[in-house]
Q: 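Got a structure here, written out as structure tokens. Questions coming.
Values in this document were obtained by computation on a predicted structure and should not be read as measured data.
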Amino acid sequence: MQTHSHFLFVYGSLLSGFKSPAYEYISKYFKLRGNASVKGTIYDMGTFPVGTSNDTGHIIRGELYEIRNPKELSFILAQLDDYEGLYPDDGEDIYYKRELVAVTTEAGDEVIAWIYWYNKDVDGKPIIELEHMMDYLERKQS
């Protein structure tokens with residue numbers, strides 16, 4: 001697998017539907033390429049859902065983005081790493097890791113993209129059968 005990519009796959013709080021400050025940042029530096037999916041599993045942690053690379057036969061649906069200016073990639077990923085807590089202060093846990101994964105577009109093409117996976121133990125946590133995080137959150141709120 002390659003060691004770099006100009007693509008980013010998001011499935012949680014970075015989705016356009018959240019309209020968070022982090023999404024505002026993504027929309028400034030990345031352009032939405034469309035819906036896509038990855039092999040992975042969403043778990044219910046009680047107060048929030050998380051996505052992992054655990055191969056349980058599930059897929060996670062989300063959005064695929066491409067960086068607008070490839071020369072800014074290192075800077076932008078550093079900002080997202082900070083948002084996801086990859087470099088915490090002393091005594092804080094690291095909850096996410098950034099990896100390259102194969103992403104399948106709606107057209108069936110495969111693209112290598114960066115993703116942020118949950119990096120803590122999910123043993124005993126229920127698997128969320130819904131493939132899209134927004135569907136899960138909507139169901140949980142109703």
Q: Give a yes-or-no answer on whether the side chains of T41 and T52 include a donor-acceptor pair shorter than 3.5 Å.
A: no
Q: For N35 and L64: C-alpha separation, side-chain torsions, deciding distance, then whether side chain to side chain contact (heavy atoms under 4.5 Å, CB included) applies.
A: CA-CA 6 Å; N35 295 322; L64 181 66; over 6 Å; no
Q: Quick one: pull up CD in E84 and CD1 in I115 and give me the separation to the nearest 0.5 Å.
A: 10.5 Å
Q: Show your working on side chain to side chain contact (heavy atoms under 4.5 Å, CB included) between V103 and F9 and close with a plain yes or no.
A: CA-CA 7 Å; V103 176; F9 178 82; 3.8 Å; yes
Q: Run the ring-ring contact (aromatic ring centres under 6.0 Å, His included) test against Y29 and tell me which residues pass, sequence neighbours left out.
A: Y25
Q: Does D121 reach the main-chain N or O of D123 with its side chain, forming a donor-acceptor pair under 3.5 Å?
A: yes
Q: Please find out if less than 6.0 Å separates the ring center of Y65 from that of F7.
A: no
Q: Any chance you could measure N69, atom CG, to H6, atom NE2, to the nearest 0.5 Å?
A: 9.0 Å
Q: Does Y43 have K125 sitting over its ring (NZ/CZ under 6.0 Å from centre, angle to axis within 45°)?
A: no
Q: Return yes if some donor-acceptor pair links the side-chain N/O of W114 with the main-chain N/O of S5 below 3.5 Å, else return no.
A: yes
Q: For residues 71-83, dump all side-chain donor-acceptor pairs below 3.5 Å to protein atoms at least two apart in sequence or in another chain.
A:
| from | atom 1 | to | atom 2 | distance (Å) |
| --- | --- | --- | --- | --- |
| D81 | OD1 | R98 | NE | 2.8 |
| D81 | OD1 | Y116 | OH | 2.6 |
| D81 | OD2 | R98 | NH2 | 2.9 |
| Y83 | OH | S13 | OG | 3.1 |

Q: To the nearest 0.5 Å, tell me how far L8 CG sits from K31 NZ.
A: 14.0 Å
Q: Would I42 and V50 count as a side chain to side chain contact (heavy atoms under 4.5 Å, CB included) if you check the C-alpha gap in whole Å, the side-chain angles of each, and the deciding distance to 0.1 Å?
A: CA-CA 5 Å; I42 301 173; V50 298; over 6 Å; no
Q: Less than 3.5 Å apart, which donor and acceptor atoms pair up between the side chains of residues 87-94 and the rest of the protein, not counting sequence neighbours?
A:
| from | atom 1 | to | atom 2 | distance (Å) |
| --- | --- | --- | --- | --- |
| E92 | OE1 | D89 | N | 3.1 |

Q: If only atom types and distance count, is the side chain of T104 paired as donor or acceptor with the main-chain N or O of G108 below 3.5 Å?
A: no
Q: Can a donor-acceptor pair be found, under 3.5 Å and without considering hydrogens, that links the side chain of R68 to the backbone of F30?
A: yes
Q: Please tell me whether S16 and E63 have a donor and an acceptor in their side chains that are separated by less than 3.5 angstrom.
A: yes
